Chemist: 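Let me give you the structure first, and then I'll get to my questions.
Just so we're clear, the structure is a prediction, and the values are computed from it rather than from any experiment. To find a chain, count down the sequence lines: A is the first, B the second, and so on, and within it residues start at 1.
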Amino acid sequence: MIDKNDNLKAAVISNRNLSVIVFSLFFSWLLSFPFEGRILYALADHYHVSAHQFVFGTMASHFAGLLLCGFFIRTMQRAKMLMLFSIVFCIVASGVFFLPPSVLWTAALLAAAFLVGGCVAAWGFFFRSCTPKNERIKTMADGLICSNILMILINMSAVHISPHVGLALSMLILGVAFLFALKLPHQEAMRESELSEAVSISKPLAFLCLFIVVITVNSGLMYQVQGPAFAHLEWLTSWYWAIPYIVALLVMRNLPRKTNRAYILYVAIAMIGFSFIALMVLDRSAASYIVVNTLMLGACGVYDLFWWSILGEMLELNKNPAKVLGIGLSANVLGVLLGGIIGRSITYVNGQSHHPTLLALSIVCVTLVMLPPLHRHLTVLLKNHTYLTALSEMLPQEQTQMIQDFTIMEKLTERESEIASLLLTGKTYRMIAGELYLSENTVKTHVKNIYSKAGVQNRTELMNILLDIKPLSDRLSKS
Amino acid sequence: MKKLIRQAHCLLTMAVLGSMVFTALIFLKPSDWKALAFLSLAIVLVILLLLGKSKQNIRTAQLIIENQIMHIQPAIFKDQGDSFEVFVSCFGILLASKIIKFNQENIRLKSVELGQDFISLTYGNERRTQYTKLLHEKISTDMLNEIARRFSYETGIVPVITN
């Protein structure tokens with residue numbers, strides 16, 4: 001007899017793959033066409049028009065679509081309808097580009113970018129429903145990897161065969177996306193616990209958005225400063241551009257759970273800085289492009305997966321995942337837009353001298369200075385938030401018993417159990433240090449030892465273990 | 001501790017000078033400036049790595065001093081400026097500028113033996129164990145018991161008191 005849970009699990013697993021496939025297909029169209037895509041630039045070159053007149057308007061429209069989607073799409077059924085309609089509209093809008101340039105091009109791009117923004121945000125419903133909470137980073141990595149591989153294929157056909165072949169291929173991919181999207185579920189699967197809206201996520205989400213905007217300004221700068229510098233190497237840039245990004249995603253996806261990802265983020269910050277230094281110092285040969293692009297896109301891969309996975313975790317904290325994902329991703333687009341505007345104005349003013357790169361580097365330095373405190377604050381906010389939500393639902397006696405059982409189980413010293421008790425009431429290190437007349441450094445070291453004994457990396461994982469601990473009295477009576 | 005801080009200051013000065021040389025090379029562009037710029041950048045990076053290590057050592061030393069259980073001050077030599085101080089804490093031992101860590105980074109304190117004029121500590125990880133014995137002036141029984149109590153409270157290890 002097949003267990004109902006096994007059936008549900010099998011359905012969830014296949015829905016997960018389905019949601020990844022649908023995402024990969026329509027996202028590859030987005031990357032290769034409207035969002036600074038190679039097809040758009042190739043078509044513009046083919047017809048001898050400037051692509052820049054389209055790019056910024058398209059990005060602004062995409063930003064609006066992402067931001068507004070969550071306010072209108074509130075159920076999975078509506079999300080599926082929007083996705084199906086958007087895909088069909090984007091196929092029709094892409095067809096307009098077989099005609100010579102006209103006002104139709106602008107109208108089609110703006111409308112398609114707006115709708116596909118809504119489509120991406122609406123996909124949040126399927127991201128949350130079809131993927132278990134601890135596998136969201138893998139789902140996201142799979143989606144981004146597959147979409148970038150497809151984008152490379154489309155770009156190469158647009159550059160090496162013809163822009164119209166690339167366009168046709170992208171439309172075919174959208175058609176396949178439509179067929180798979182028809183099979184997506186239209187109701188959320190049964191979930192273990194109902195979400196509570198009593199705890200607001202607006203502060204953590206606002207900080208996360210600020211974090212994303214600051215990082216992605218560099219991506220926008222990259223498009224406008226680094227991209228044109230190697231425009232003559234189209235035979236290389238058409239395929240190598242996304243390779244370091246894909247490799248970084250693969251590495252981050254397969255890291256063991258206990259790896260401290262915070263160090264990797266700081267390495268990625270350094271890589272962004274070095275990429276701009278390399279751009280300034282090196283020539284414009286293929287080898288130089290490989291160095292510059294590897295550093296920049298490798299860092300982008302690390303960061304993109306980092307904040308996409310945080311957004312994935314935050315989907316649990318709000319009834320409308322389209323709103324959370326849409327607002328978070330709109331911050332990404334805003335950062336790219338701002339970086340693009342700054343980069344464009346720098347190259348327009350100063351042409352080919354080193355000054356544009358130096359100015360870009362100084363902007364990178366500002367972001368490098370801002371990022372570590374932002375990241376620290378965000379991590380504390382998110383961890384405390386997730387943690388406190390769970391703890392607030394327990395009775396005081398339950399909390400005390402839980403802490404006592406944990407102390408005995410993990411063989412904590414008296415000092416460690418004293419600190420653990422305060423840690424589990426949601427106090428910060430500074431507050432614990434003040435209460436026990438210790439330094440913050442001392443508290444941090446004791447907490448590291450507690451985590452090490454429990455085999456966890458952070459307070460949230462500790463809480464997860466504690467919530468799984470059966471009362472000691474139960475275990476003793478059973479033995 | 002002062003020696004550690006002096007080391008850090010020297011490294012910081014060298015890093016700043018190296019950065020200034022790098023920036024000057026970028027702007028002035030003498031002959032072979034690219035090779036020199038890369039060299040200076042590499043040197044600055046190495047210094048920054050050493051500075052990071054040095055900062056870590058200072059933090060560990062501060063941790064030991066803040067959580068000291070015993071402070072041993074050996075004989076002070078009148079004709080030499082520096083004194084040689086020893087701090088024993090639940091996180092390690094600080095011998096002037098040399099640091100021995102335990103109860104951090106997977107190194108555990110395994111046993112403590114206390115006598116009126118010595119303290120010996122055994123520490124290590126699963127593969128290696130080390131033993132350190134420090135001699136000091138005689139202390140009272142009350143102080144001995146207090147040190148034992150603090151070790152037990154902070155580290156969970158109950159010291160063996162030897163008469």
Side-chain angles (χ1 to χ4, degrees), chain A residues 258 260 263 266-267 269-271 273-285 287-288 291 295 353-355 357-359 361-362 365 368 372 407-408 410-420 429 433 436-453 455, chain B residues 19 22-23 25-29 32-42 44-45 48-49 52 55-69 87 89-92 99 101-110 112 125-126 148-159:
Chain A
K258 293 194 172 186
N260 190 336
Y263 286 121
Y266 292 120
V267 168
I269 292 175
M271 282 168 70
F274 283 127
S275 79
F276 279 101
I277 292 174
L279 182 69
M280 195 166 57
V281 166
L282 297 175
D283 58 19
R284 299 289 175 257
S285 64
S288 305
V291 170
L295 287 169
S353 73
H354 281 308
H355 292 181
T357 312
L358 280 174
L359 200 49
L361 196 55
S362 56
C365 288
L368 290 177
T407 303
I408 294 166
E410 303 297 343
K411 297 175 191 167
L412 300 184
T413 65
E414 283 181 63
R415 176 64 91 189
E416 284 168 356
S417 63
E418 198 178 22
I419 289 176
Y429 294 162
L436 298 177
Y437 303 104
L438 299 171
S439 70
E440 211 176 318
N441 202 13
T442 303
V443 171
K444 279 183 191 168
T445 310
H446 278 301
V447 168
K448 256 191 217 169
N449 287 340
I450 294 167
Y451 289 163
S452 170
K453 284 182 181 177
Chain B
S19 307
F22 173 73
T23 313
L25 284 168
I26 296 289
F27 280 102
L28 298 175
K29 290 189 190 160
D32 290 331
W33 69 273
K34 283 185 186 176
L36 290 171
F38 269 118
L39 187 63
S40 60
L41 186 64
V44 166
L45 283 173
L48 286 173
L49 280 167
K55 199 179 163 190
Q56 214 176 344
N57 285 342
I58 291 173
R59 206 178 290 149
T60 308
Q62 265 175 341
L63 187 69
I64 292 171
I65 294 173
E66 282 161 5
N67 295 279
Q68 58 183 280
I69 298 175
F87 295 91
S89 85
C90 53
F91 291 120
I99 296 170
K101 286 189 231 188
F102 43 74
N103 286 342
Q104 301 177 62
E105 296 171 15
N106 291 327
I107 303 170
R108 294 283 142 222
L109 180 65
K110 296 184 178 181
V112 178
N125 54 24
E126 284 152 7
R149 185 196 71 77
R150 284 204 64 193
F151 263 112
S152 173
Y153 184 81
E154 297 284 350
T155 68
I157 304 286
V158 179

Chemist: Just wondering, do B/F91 and A/N441 contact through their side chains at under 4.5 Å, heavy atoms?
Modeler: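 No. Closest side-chain heavy atoms not under 4.5 Å.
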
Chemist: Is B/E154 in contact with chain A via its backbone, its side chain, both, or neither, using a 4.5 Å heavy-atom distance?
Modeler: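 Both parts, heavy atoms under 4.5 Å.
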
Chemist: Does any heavy atom of chain A fall under 4.5 Å from the side chain of B/I64, the backbone, both, or neither of them?
Modeler: neither

Chemist: What part of A/E416 lies closer than 4.5 angstrom to a heavy atom of chain B: side chain, backbone, both or neither?
Modeler: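 No part of it gets close to chain B.
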
Chemist: Please report the interatomic distance CG(B/N103) to NE2(A/H446), rounded to the nearest 0.5 Å.
Modeler: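 Those atoms lie 8.5 Å apart.
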
Chemist: So does B/D32 have more than 12 non-hydrogen atoms from other groups sitting under 6.0 Å from CG?
Modeler: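 No, because the 6.0 Å sphere around CG of B/D32 holds 12 heavy atoms or fewer from other groups.
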
Chemist: Mark yes when over 12 heavy atoms from residues, nucleotides or ligands other than B/N106 sit less than 6.0 Å from its CG; otherwise mark no.
Modeler: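 No, CG of B/N106 has 12 or fewer neighbouring heavy atoms, counting only those of other groups under 6.0 Å.
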
Chemist: Nearest 0.5 angstrom please: B/R108 CZ to A/K453 NZ, how far?
Modeler: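 Going from CZ on B/R108 over to NZ on A/K453, the span is 6.0 Å.
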
Chemist: With a cut-off of 6.0 Å (strictly less than), are more than 12 heavy atoms of other residues, nucleotides or ligands near CZ of B/F38?
Modeler: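 Incorrect, the count does not exceed 12.
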
Chemist: Going by heavy atoms in the side chains, are A/K448 and B/E105 under 4.5 Å from each other?
Modeler: no

Chemist: What's the separation between atom OG1 in A/T413 and atom CD1 in B/I157, rounded to the nearest 0.5 Å?
Modeler: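 Those atoms lie 10.0 Å apart.
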
Chemist: Say you draw a straight line from NZ of B/K34 to CG of A/L282; how long is it, rounded to the nearest 0.5 Å?
Modeler: 7.0 Å

Chemist: Find out whether A/V281 and B/I26 are in side-chain contact, i.e. whether some heavy atom of one side chain is under 4.5 Å from a heavy atom of the other.
Modeler: yes

Chemist: Is B/R150 in contact with chain A via its backbone, its side chain, both, or neither, using a 4.5 Å heavy-atom distance?
Modeler: neither

Chemist: Using non-hydrogen atoms only, which part of A/S452 is less than 4.5 Å away from chain B: side chain, backbone, both, or neither?
Modeler: side chain

